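Okay, so here's the structure we're looking at.
These numbers were taken from a predicted model, which means no experiment stands behind them. Below, chains carry the letters A, B, ... as their sequence lines are ordered, and counting in each starts from 1.
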There are 2 protein chains.
Amino acid sequence: MRADRLKLDDQLCFALYAATNAVTRAYRPRLAEIGLTYPQYLIMLVLWQDGPRTLGAIARRLCLAQNAITPLVDRLEKAGLVTRTRDPADRRVITIALTETGESLHDGAARAQHEVKCETLLDEAELAALRSTLFALVDRMKTETGHADIAHAPAHPAPDLADGG
Amino acid sequence: MRADRLKLDDQLCFALYAATNAVTRAYRPRLAEIGLTYPQYLIMLVLWQDGPRTLGAIARRLCLAQNAITPLVDRLEKAGLVTRTRDPADRRVITIALTETGESLHDGAARAQHEVKCETLLDEAELAALRSTLFALVDRMKTETGHADIAHAPAHPAPDLADGG
DNA sequence: TGTGATTACTTCATGCGTGAGGATTCATAA
DNA sequence: TTATGAATCCTCACGCATGAAGTAATCACA
């Protein structure tokens, strides 16, 4: 075995992959209680925080391609959590807005988020540090790779020192 | 809008999710050149580093359920990169081993890994720090959640100060 | 006015990760 | 020997992310 051989535990990508899987797995059963999957929860987060948004705006916010969002919104719409409205001024655009039912799920989601945050055993400062390191990495990778669909998304703002599961 | 409202950019989970997606996207076209997807690359990493392993051992190493590994190995086998051998002593067990072709892909993978590592714009110390933070998080989440299939996997060793894309 | 490019969204095929369920094999002990 | 339980792997259905391709509406501009 050569010395310059790749090692799994040296890979940042694997650390990220495993950590993301672990956190998502922690969310799964808790979000299932309020009828959400994890990516659906991310869309709800955008709507809870920002209010009604177009499909493209949601995609850019989550650093995903639009065709990843379409079927998620389909399911949220079927579940009665959001509405799709075509903009009369520009009929290409579709605006996604929360229904009252969708709005009402916020507290249950906040409980799930709090529980997962506690499971990480990280304090607020550690959470904030890790978060900002990761968002900075995301911003660099975004401009480097130049993925057509998401390259022009705005950089992540420096988040304040609160929350974070 | 209430003050205790969930905010997307406060969520560690989203930072992880976005960072993992970004890094995986950076790998995708480079791994495609040698005919691998990203999860297939992870399996190859295990085999390059550890040598022949059972299907269950690979799953535990990658913190995944076995049924996630089966179809990956199917594709690697069809591509002629690995072989499946049933253990004659315990016929439940299937050992996965690299073929010469599979072995020969290491250098191309190392090149992809190096390029992605450079794209992160992190130096070795930063890479190592982030990696160990994330692996520590993984270990805590693993024991907390107690996912049946992966709970008893060995803890990640402290990785040395080399490499890491 | 009309032509071509662009934008916003959708559809489809492919590969992945999860949970539920099943088949085979092995270990243990009544 | 047979029954019980556990271990190992596979199959299937579902939801998600990507790339390629398509549709419809809008914009730029000659």
Side-chain angles (χ1 to χ4, degrees), chain A residues 17-18 20-32 35-43 53-60 62-79 84-96 145 147-152, chain B residues 17-18 20-32 35-43 53-60 62-79 84-96 145 147-152:
Chain A
Y17 175 86
T20 301
N21 284 344
V23 172
T24 303
R25 275 194 285 264
Y27 267 107
R28 188 182 308 276
R30 295 179 169 94
L31 292 176
L36 291 176
T37 65
Y38 180 73
Q40 289 167 14
Y41 163 69
L42 292 182
I43 291 185
R53 280 294 177 273
T54 69
L55 210 141
I58 295 172
R60 283 187 298 273
L62 299 180
C63 308
L64 289 173
Q66 288 198 4
N67 53 1
I69 306 296
T70 296
L72 294 177
V73 170
D74 282 347
R75 294 189 182 94
L76 292 175
E77 193 182 15
K78 264 174 203 136
R84 254 193 179 93
T85 311
R86 196 167 282 276
D87 184 342
D90 184 344
R91 304 193 58 266
R92 294 170 303 180
V93 176
I94 287 184
T95 300
I96 315 298
T145 57
H147 189 291
D149 244 332
I150 61 176
H152 294 46
Chain B
Y17 175 86
T20 301
N21 284 345
V23 172
T24 303
R25 274 194 284 263
Y27 267 108
R28 188 182 309 275
R30 296 178 168 95
L31 292 176
L36 290 177
T37 66
Y38 181 73
Q40 289 167 15
Y41 163 70
L42 292 182
I43 291 184
R53 280 293 176 275
T54 70
L55 210 140
I58 295 172
R60 283 187 298 273
L62 298 180
C63 308
L64 289 173
Q66 288 199 4
N67 53 1
I69 306 296
T70 296
L72 295 177
V73 169
D74 283 347
R75 295 189 181 97
L76 293 175
E77 192 181 16
K78 263 173 204 137
R84 254 194 179 93
T85 311
R86 197 167 280 276
D87 185 341
D90 183 344
R91 303 194 62 267
R92 291 170 302 182
V93 176
I94 288 183
T95 300
I96 316 298
T145 57
H147 189 289
D149 245 332
I150 62 175
H152 295 44

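Of the candidate nucleotides dA25(D), dG15(C), dG15(D), dG15(D) has the atom nearest to the side chain of Thr37(A). Taking only side-chain atoms of Arg75(A), from C-beta outward, the nucleotide of dT11(D), dC16(C), dG15(D) with the closest atom is dG15(D).
The distance between atom CD of Gln66(B) and atom P of dC12(D), rounded to the nearest whole Å, is 18 Å. To the nearest angstrom, C1' of dC16(C) lies 13 Å from CG of Leu62(B). Ile43(B) has its CD1 atom 13 Å from the P atom of dC9(D), to the nearest Å. Taking atom CZ of Arg86(A) as the reference point, atom P of dT7(C) lies 18 Å away to the nearest angstrom. Atom CG of Asp74(B) and atom P of dC10(D) are 7 Å apart (whole Å). Atom CZ of Arg28(A) and atom C1' of dG19(C) are 9 Å apart (whole Å). Whole-Å rounding puts the Leu72(B) CG to dT18(C) C1' distance at 13 Å. Rounded to a whole Å, the CD1 atom of Ile94(B) is 12 Å from the C1' atom of dA23(C).
Relative orientation of the Tyr27(A) and Tyr38(A) rings is tilted, given thresholds of 30° and 60° on the angle between their planes.
Taking side-chain N and O atoms only, Thr70(A) has a distance below 4.0 Å to OP1 or OP2 of dT10(C). Remark: Arg25(B) is in phosphate contact with dT18(D), judged by side-chain N or O atoms under 4.0 Å from OP1 or OP2. Between Arg84(B) and dT8(D) there is no side-chain polar atom (N or O) within less than 4.0 angstrom of OP1 or OP2. Put simply, Thr54(B) has no side-chain N or O that comes within less than 4.0 Å of OP1 or OP2 on dT8(D). Contact check, Tyr38(A) against dT18(C): no side-chain N or O comes under 4.0 Å of OP1 or OP2.
Counting non-hydrogen atoms under 4.0 angstrom, Ala57(A) reaches nothing in the nucleic acid. If you check every strand for non-hydrogen atoms under 4.0 Å, Ile69(A) touches nothing. In this structure, Ala32(A) reaches neither bases nor backbone, as no heavy-atom distance under 4.0 Å exists between it and the strands shown.
When all heavy atoms are compared, the tightest approach of Leu36(A) to Gln40(A) is CA-OE1, 3.7 Å. Leu55(A) and Gln66(A) get closest at one heavy-atom pair: CD2-O, 3.9 Å.
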Could you go through the salt bridge (Lys or Arg N to Asp or Glu O under 4.0 Å) check for Arg84(B) and Asp74(B) one step at a time? CA-CA 9 Å; Arg84(B) 254 194 179 93; Asp74(B) 283 347; 2.8 Å; yes
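The main-chain N or O of Thr24(B) is never found under 3.5 Å from a side-chain atom of Arg28(B) such that the two would form a donor-acceptor pair. Of the possible donor and acceptor atoms, one in the side chain of Arg30(B) sits under 3.5 Å from a partner among the backbone N and O of Ala26(B).
Side-chain to base pairing of Arg92(B) with dT24(C): no donor and acceptor N or O lie closer than 3.5 Å to each other. A donor-acceptor contact under 3.5 angstrom links the side-chain atoms of Asn67(A) to the base of dG19(D). Residue side chain Asn21(A) does not reach the base of dG17(C) through any donor-acceptor N/O pair under 3.5 Å, judged by distance alone.
The residue among Pro39(A) and Pro29(B) whose nearest nucleotide of DNA chain D is located toward the 5' end is Pro39(A). Along DNA chain C, the nucleotide closest to Tyr17(A) and the one closest to Asp87(B) are compared, and the more 5′ of them pairs with Tyr17(A).
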